[in-house]
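Here is how names work: the chains are called A, B, and so on, in the same order as the sequence lines, proteins then strands, and each is numbered from 1.
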Amino acid sequence: MNCRGEDVRLGLCCIFQDEPISFRKTTAKSAKGRDLGAQMRMYQEIADHNADSLGEAIQYCAHHSIGSFRVNSQILPLCTHPELGYEPTAIGGDTIERFRAVGRLAKAHDIRLTFHPDQFVVLSTPHTKVLSSSLKEIEYHAEVASWIGADVINIHAGGGYGDKPAALARFVRAWGRLSERARALVTIENDDRVFTPADLLPMCRDLQIPLVYDVHHHRCLNDGTSVEQVTDWAMDTWNREPLFHVSSPKEGWHGKQPSRHHDFIHMRDYPRFWEGLHCTVEVEAKAKEVAIKKLQEALRARRRRPQQKGT
DNA sequence: AGCGGTCAAGTTGAT
DNA sequence: ATCAACTTGACCGCT
């Protein structure tokens with residue numbers, strides 16, 4: 001039981017729908033038109049804004065019983081850009097101290113912070129260029145995570161390239177090239193196209209990489225295992241609070257692309273037996289904080305009702 | 001001020 | 001062959 005009086009910690013992903021809390025970014029094209037000094041000033045200004053916004057996001061979560069917030073990877077603009085990139089620690093002024101203060105705020109309110117680097121991080125890639133940029137990207141996340149106290153950098157296994165065992169072997173090798181600090185934060189999530197929980201669990205156990213179990217992806221790409229079974233197995237891979245993902249299909253399970261996310265979470269898709277688990281559930285719904293509010297209400301209502309048939 | 005096109009990056013599968 | 005989808009639309013430059 002955590003401080004919110006509930007067992008499950010719900011997580012908000014990156015942005016808000018209605019609440020006026022926003023994060024800024026810029027484009028390489030815009031930055032290139034300035035001299036180096038002006039570029040760094042712009043990056044710092046955006047980073048300061050984003051640190052402040054992250055603080056507001058944490059406050060919002062604390063006041064709305066949301067226990068976790070996923071931080072956008074672009075929180076330091078263009079930091080890992082191949083031409084314009086810079087060391088996170090090179091950002092000037094009191095920006096880093098601002099982020100550290102935000103980290104203390106999150107800790108004080110028991111708001112868990114996570115990262116989910118985007119699709120360009122591919123540790124299973126056979127291409128050395130893609131691999132080096134992926135490693136760099138993860139190390140960047142690890143640095144910022146150390147400022148704010150994030151305890152998860154969640155990635156997918158990457159492409160399968162027609163030979164999943166070979167791809168996973170490359171993943172293992174790449175993972176070994178990360179710093180110890182980064183490895184301690186990296187988690188791996190089952191996806192909806194290539195790697196199922198059954199594909200990933202052996203590697204997760206071998207290397208002690210926690211599995212972020214995405215039940216929606218599992219339902220899109222099934223491997224013969226049950227939601228109950230994978231939940232148990234995934235829980236066992238964690239040396240800290242387990243993290244799961246939930247979402248609902250935009251056009252229903254019989255629509256043409258069930259992988260697309262709905263604005264809200266349908267209770268049918270939220271496993272009943274997750275209630276009462278000590279874990280974080282990130283809510284991947286387009287309506288963001290509005291979807292979480294609805295989900296909280298639906299979970300409360302369901303808890304009051306006697307057990308019904310089905311999940 | 002409003003609006004449409006653009007944005008750093010990888011891989012897959014739908015069309 | 002092209003393009004949308006993915007953890008997320010925001011930003012820029014034109015009219």
Side-chain angles (χ1 to χ4, degrees), chain A residues 11-17 19-34 42-43 45-46 49-50 53-54 57 68-86 113-138 140-141 150 152-164 167 170-171 174 187-195 212 214 216-217 220-221 243-247 249-251 255-263 280-289 291:
Chain A
L12 173 61
C13 298
C14 301
I15 57 173
F16 292 79
Q17 177 181 274
E19 198 65 18
I21 300 172
S22 67
F23 295 87
R24 289 185 54 202
K25 59 185 182 184
T26 188
T27 60
K29 193 178 175 188
S30 166
K32 276 178 185 165
R34 305 157 197 254
M42 177 174 70
Y43 299 155
E45 194 182 308
I46 292 174
H49 170 92
N50 289 346
S53 291
L54 184 54
S68 176
F69 185 74
R70 181 189 298 171
V71 183
N72 193 314
S73 292
Q74 309 274 351
I75 190 118
L76 299 187
L78 298 176
C79 190
T80 55
H81 189 278
E83 294 168 59
L84 301 169
Y86 51 94
L113 297 178
T114 70
F115 280 109
H116 193 357
D118 57 31
Q119 60 270 33
F120 311 110
V121 172
V122 186
L123 293 188
S124 69
T125 186
H127 309 110
T128 53
K129 252 187 91 177
V130 177
L131 176 57
S132 64
S133 67
S134 296
L135 294 170
K136 185 176 155 195
E137 188 73 26
I138 293 174
Y140 149 75
H141 281 83
V152 166
I153 300 172
N154 180 38
I155 60 176
H156 290 284
Y161 309 88
D163 185 346
K164 290 201 270 186
R170 284 193 300 271
F171 183 100
T187 65
I188 185 166
E189 176 186 346
N190 62 297
D191 63 80
D192 58 356
R193 296 207 167 140
V194 182
F195 291 104
V212 171
D214 187 314
H216 185 250
H217 290 161
C220 291
L221 182 67
L243 177 62
F244 301 148
H245 287 178
V246 72
S247 44
K250 186 181 176 70
E251 289 147 328
K256 44 184 167 28
Q257 269 179 283
S259 62
R260 297 187 61 193
H261 290 170
H262 200 279
D263 286 350
T280 300
V281 175
E282 289 186 329
V283 179
E284 297 188 330
K286 299 287 186 190
K288 300 295 163 186
E289 84 280 12

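Counting any heavy atom pair closer than 4.0 Å across all strands shown, Glu284(A) reaches sugar-phosphate atoms only and no base atom. Within 4.0 Å of Thr26(A), counting heavy atoms only, lie sugar-phosphate atoms of the nucleic acid but no base atom. Residue Ser30(A) is in sugar-phosphate contact alone, with no base atom involved, counting any heavy-atom pair closer than 4.0 Å across all strands shown. Looking at heavy-atom distances under 4.0 Å, Gly158(A) makes no contact with the nucleic acid at all. In this structure, His127(A) reaches the sugar-phosphate backbone alone: every heavy-atom distance under 4.0 Å involves primed, P, OP1 or OP2 atoms, never a base. When heavy atoms are screened at a 4.0 angstrom cut-off, Thr80(A) is found touching base atoms of the nucleic acid. Within 4.0 Å (heavy atoms only), Phe115(A) reaches no atom of the nucleic acid at all. Contact annotation for Gln74(A): base contact, defined as any heavy-atom pair under 4.0 Å involving a base atom. Nucleic acid contact class of Glu137(A) (heavy atoms, under 4.0 Å, all strands): base.
Look at Lys288(A) and Glu19(A) and you find no salt bridge, because none of the NZ, NE, NH1 or NH2 atoms lies under 4.0 Å from a carboxylate O.
Without hydrogens or angle criteria, His81(A) side chain to Thr27(A) main chain gives no donor-acceptor distance under 3.5 Å. Within the 3.5 Å criterion, the main-chain N or O of Leu123(A) finds no donor-acceptor partner in the side chain of Ser134(A). A distance-only check finds no donor-acceptor pair linking the side chain of Thr280(A) to the backbone of Leu243(A) [under 3.5 Å].
Side-chain contact check for Ile153(A) versus Pro117(A): some heavy-atom pair is nearer than 4.5 Å. Taking the side chain as every heavy atom from C-beta outward, Asn50(A) and Asn72(A) never approach each other to under 4.5 Å. Within the 4.5 Å cutoff, the side chain of Leu76(A) has no heavy atoms near those of the Tyr43(A) side chain. Counting heavy atoms from C-beta outward, Phe69(A) and Leu54(A) have side chains that approach closer than 4.5 Å. Annotation: side chain of Tyr140(A) is in contact with side chain of Ile75(A) (closest heavy-atom distance under 4.5 Å). Put simply, the side chain of Ser124(A) does not reach to within 4.5 Å of the side chain of His156(A), judged on heavy atoms.
Paired regions of DNA chain B, where each region holds three or more successive Watson-Crick or G-U pairs whose two hydrogen-bonding distances fall under 3.5 Å, are B:1-7 with C:9-15, B:10-15 with C:1-6.
Along DNA chain C, the nucleotide closest to Ala285(A) and the one closest to Arg34(A) are compared, and the more 5′ of them pairs with Ala285(A). Toward the 5′ end of DNA chain C lies the nearest nucleotide of Phe120(A), the other residue of the pair Thr27(A) and Phe120(A) mapping further downstream.
Annotation: dC3(C) and dC7(B) have their C1' atoms spaced 16 Å apart (nearest Å). dG9(C) and dA5(C) have their P atoms separated by 12 Å, given to the nearest Å. Separation of the C1' atoms belonging to dT6(B) and dA4(C) is 16 Å when rounded to the nearest angstrom. For the P atoms, the distance linking dC11(C) with dG10(B) amounts to 24 Å, nearest Å. If you take atom C1' in dA1(B) and the same atom in dT8(C), they sit 26 Å apart, rounded to whole Å.
For DNA chain C, the outermost nucleotides in 5' to 3' order that have an atom under 4.0 Å from a heavy atom of chain A are dA5(C) to dC12(C). On the nucleic acid side, DNA chain B has its first and last nucleotide under 4.0 Å of a heavy atom of chain A at dA8(B) to dT15(B), going 5' to 3'.
Between His245(A) and the choices Glu189(A), His217(A), His216(A), the side-chain hydrogen bond (donor to acceptor under 3.5 Å, both in side chains) rule is met once, by Glu189(A).
When ring centroids are compared, His116(A) and His141(A) stay outside the 6.0 Å threshold.
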